[in-house]
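On a predicted model such as this, the values are computed, not experimentally measured, just so you know. The sequence lines fix the lettering, A, B, ..., with proteins before strands; numbering per chain opens at 1. We use all heavy atoms of the structure for the numbers below, so side chains are in, but hydrogens, waters and symmetry mates are not.
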Number of protein chains: 2
Amino acid sequence: MNPSEYLSSYGVSRTAIREKLLSILSREDQALSSKEIEEKLGEDIDRVTLYRSIRLFEDKNIIHKIVIDDQTIKYKLINPKKGSTHPHFHCVECDKVLCLPETPLPQCNLPEGFSAKTQNTIVEGTCQKCNH
Amino acid sequence: MNPSEYLSSYGVSRTAIREKLLSILSREDQALSSKEIEEKLGEDIDRVTLYRSIRLFEDKNIIHKIVIDDQTIKYKLINPKKGSTHPHFHCVECDKVLCLPETPLPQCNLPEGFSAKTQNTIVEGTCQKCNH
DNA sequence: TAGAAAATGCAACGATGTTGCAAAATAAAA
DNA sequence: TTTTATTTTGCAACATCGTTGCATTTTCTA
């Protein structure tokens, strides 16, 4: 499916910036920060518009936000077949953030009276490449 | 153990602000944001000093930082007997953040070549009180 | 293709946290 | 205890990240 069709299938109108953003994200297997996206977009892009586009993509479930810590927030295109309810891996060496879609979310036992809706799991460690 | 002894046992010198901070945190079973701490400290405290004290406590392993999302970062006194390697619970109704020290951290299966050092798990849901 | 609706880009703002530095408080030594 | 050295504090200024208001431009719809 081409970018325009992809966007309209999510109810998002086609604009130059949104197609560029989609294109950048779809080329990556790793999650990107807004700063990294900004750098890939180059000079000719307004920061405000980028933030608005990212938020729109989030709201429309085109991407999901992965919060590693207060300094590290990354975005990843959602694979419609796999969703976004899986753990994420953060390499402390190269700072890559990857989805672990094949790993089921481990279950936690909650105290009496508590109920869980979603769960967020970040595994911190070193990736294949950084382990040589 | 009194506050002064507690601080010096962690190699932190005793000052008025640090004792107040320790006192506030030790009264809470829930984790507090820097804003919430600021409010409890009252008028007579400099923001900069508070941030520096929080960072110092983190560095000395007196407290740990729990990152829920980019807007919600909370701090909790570390119970030396229980450490800080357990899941956390975030109530989406009342916004409380609690430790789940009795719940072991669930294990994730990583792809070949990856190795895990630590893991961060936040369970999002509703707490006992908010479930009536 | 014309008009309505939505998106963009700019300037200004806001929240959160940091740095440099002089004054004050604490700890160590005499 | 008093003196001296080291830390900590509080202020002003700054940095980063993200948001809002609004006029202009672009996209969508009929």
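When the P atom of C:dA22 is taken as reference, atom CG of B:Asp46 falls 17 Å away, rounded to whole Å. Rounded to an integer number of Å, the gap from CZ of A:Arg52 to C1' of D:dT25 is 13 Å. Across the protein-nucleic acid pair, B:Glu19 atom CD and C:dT26 atom P stand 9 Å apart, rounded to whole Å. Protein atom CG of B:Leu50 is 14 Å distant from nucleotide atom C1' of D:dT8, rounded to whole Å. B:Ile17 has its CD1 atom 18 Å from the P atom of D:dT7, to the nearest Å. As rounded to whole Å, 8 Å separates atom P of D:dC17 from atom CD of A:Gln71. Per the geometry, CD belonging to B:Glu39 stands 13 Å off P belonging to C:dA15, to the nearest Å. Rounded to whole angstrom, the span from the CZ atom of A:Phe57 across to the P atom of C:dA7 amounts to 11 Å.
Residue contacts shown for A:Arg18 are limited to sugar-phosphate atoms, with no base heavy atom under 4.0 Å away. Residue-level contact check: B:Thr49 touches the bases, meaning some heavy atom is under 4.0 Å from a base atom.
Between A:Ser34 and D:dG18 there is a side-chain N or O to OP1 or OP2 distance below 4.0 Å. The phosphate of C:dT16 (OP1 or OP2) has a side-chain N or O of B:Lys35 nearer than 4.0 angstrom. At C:dT8, one or more side-chain N or O atoms of A:Thr15 fall inside 4.0 Å of OP1 or OP2 (strictly under the cut-off).
Under the 4.5 Å side-chain criterion, counting only non-hydrogen atoms from C-beta, B:Ile37 is in contact with B:Leu25. Side-chain contact check for A:Ile62 versus A:Leu77: some heavy-atom pair is nearer than 4.5 Å. In this structure the side chain of A:Ile66 reaches within 4.5 angstrom of the side chain of A:Ile122, judged on heavy atoms.
Both B:Arg55 and B:Ser13 lie close to DNA chain C; mapped to their nearest nucleotides by heavy-atom distance, the more 5′-ward contact belongs to B:Arg55. In terms of position on DNA chain C, the residue among A:Ala16 and B:Val12 whose nearest nucleotide sits closer to the 5' end is A:Ala16. Taking for each of B:Leu56 and A:Val48 the nucleotide of DNA chain D with the nearest heavy atom, the 5'-most of the two is the partner of B:Leu56.
By the 4.0 Å N-to-carboxylate-O rule, B:Asp70 lies close enough to A:Lys65 to be salt-bridged with it. The pair A:Glu36-A:Lys74 meets the salt-bridge criterion, with a side-chain N (NZ, NE, NH1 or NH2) lying under 4.0 Å from an Asp/Glu carboxylate O.
Judged by atom type and distance alone, B:Arg47 reaches the base of C:dG17 through a side-chain donor-acceptor pair under 3.5 Å.
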